Amino acid sequence: MQIVKHLAGMTEKGLSPSSLNMLVNALLYYFRTVLKRDAFEIKLPRPRKEHHLPTVLTMEECFSIFSFVENTKHKLLLLIGYGAGLRRSEIVTLKWADILFEEHKIHVKQTKGNKDRIVMLPYSIVEVLKDYRKLYQSDVWVLATAGA
């Protein structure tokens, strides 16, 4: 079949697995829906999407980024996110009651998949959190906005 040969040739030239899957799905849709050829098949091995590990910043790169941030709240947001490995939604819904200072842990509630988890609170962030709490006195939310 010419279609399979053409797709195989494109794959050899460097077509990504996700692009190949998109092309196969588009061709199947065209032949089955537009041309009404329900029995149309493309017999081609469908590669899985490649999963790459995220780029991890070095300590120097992290310190460089943190040094440019002047806003206290923004700096704390970055420190907690990177240091404790929290998602954005987890950071903005973080409560003071969830931070276990003595144990150096953060209890993250109702996260992805409605699951709770405990993450480590880096020692380097503890003092920053305590100083922030003195500056922005909020009883409930860590990153409360003014007037909230």
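In this text, all values refer to a predicted model and were calculated from it rather than measured experimentally. Atoms considered below: every heavy atom in the structure, side chains included; atoms not considered: hydrogens, waters and symmetry mates.
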Subject >> Candidate pair Ile3 and Ile42, rule side chain to side chain contact (heavy atoms under 4.5 Å, CB included), full reasoning >> reply: CA-CA 8 Å; Ile3 294 174; Ile42 297 177; 4.2 Å; yes
Subject >> Pairs flagged by side chain to side chain donor-acceptor pair (under 3.5 Å) wherever residues 129-140 is involved - sequence neighbours left out >> reply: none
Original post:
Taking only residues at least two apart or on different chains, which pairs with a member in residues 25-37 satisfy side chain to side chain donor-acceptor pair (under 3.5 Å)?
Top reply: Asn25-Arg46, Arg32-Glu41
Original post:
His104 versus Val126: any side-chain heavy-atom pair under 4.5 Å?
Top reply: yes
Original post:
What pair of heavy atoms forms the shortest contact from Pro122 to Gly83, and how long is it?
Top reply: CG-O, 3.3 Å
Original post:
To the nearest 0.5 Å, how far apart are CD1 in Ile65 and CD in Glu60?
Top reply: 12.0 Å
**OP:** Determine whether Phe63 and Thr58 make a side-chain contact, defined as any pair of heavy atoms from C-beta on separated by less than 4.5 Å.
**Re:** no
Subject >> Crowding at NZ, Lys75 (>12 non-hydrogen neighbours, <6.0 Å) >> reply: yes
**OP:** Mind checking side-chain contact (heavy atoms from CB on, under 4.5 Å) for Leu129 and listing every partner two or more places apart, or none if nothing turns up?
**Re:** Leu76, Ile80, Trp96, Ile99, Phe101, Leu121, Ile125, Val142
Subject >> Gap between atom CG of Leu79 and atom OG of Ser124 - 0.5 Å precision >> reply: 7.0 Å
Original post:
Do Trp141 and Leu94 come within less than 4.5 Å of each other through their side chains, counting heavy atoms only?
Top reply: no
Original post:
Rounded to the nearest 0.5 Å, how far apart are CE of Met59 and CZ of Phe66?
Top reply: 9.0 Å
**OP:** Considering non-hydrogen atoms only, spot the tightest contact between Leu57 and Cys62 and give its length.
**Re:** CB-SG, 3.8 Å
Original post:
Judged by atom type as modelled, is there a donor-acceptor pair below 3.5 Å linking the side chain of Thr11 to the main-chain atoms of Leu15?
Top reply: no
Subject >> Side chains of Met10 and Leu20 in contact at under 4.5 Å (non-hydrogen atoms) >> reply: no
Subject >> Side-chain H-bond candidate by donor/acceptor type, Ser19 with Ser16, under 3.5 Å >> reply: yes
Original post:
Leu100: what forms a side-chain contact (heavy atoms from CB on, under 4.5 Å) with it, not counting sequence neighbours?
Top reply: Glu103, Lys105
**OP:** Determine, using the 4.5 Å side-chain heavy-atom cutoff (strictly less than), whether Val34 and Leu28 are members of one ILVMFWY cluster.
**Re:** yes
Original post:
Heavy atoms, side chains only, cut-off 4.5 Å: are Leu86 and Val119 in contact?
Top reply: yes
**OP:** Sequence neighbours left out, what passes side-chain contact (heavy atoms from CB on, under 4.5 Å) with Asn71? Give chain and number order.
**Re:** Lys73, His74
Original post:
Which residue pairs pass the side chain to side chain donor-acceptor pair (under 3.5 Å) test with at least one member in residues 78-88, sequence neighbours excluded?
Top reply: Arg87-Glu90
**OP:** Could you tell me the separation between the CZ atom of Arg117 and the NE2 atom of His107, rounded to the nearest 0.5 Å?
**Re:** 10.5 Å
Original post:
Is there a side-chain contact between Val108 and Ile118, using heavy atoms and a 4.5 Å cut-off?
Top reply: no
Subject >> From CA spacing to verdict: side chain to side chain contact (heavy atoms under 4.5 Å, CB included), Val4, Lys43 >> reply: CA-CA 7 Å; Val4 173; Lys43 298 201 186 307; 5.6 Å; no
Original post:
Same hydrophobic cluster for Phe68 and Leu78, using side-chain heavy-atom links shorter than 4.5 Å among ILVMFWY?
Top reply: no
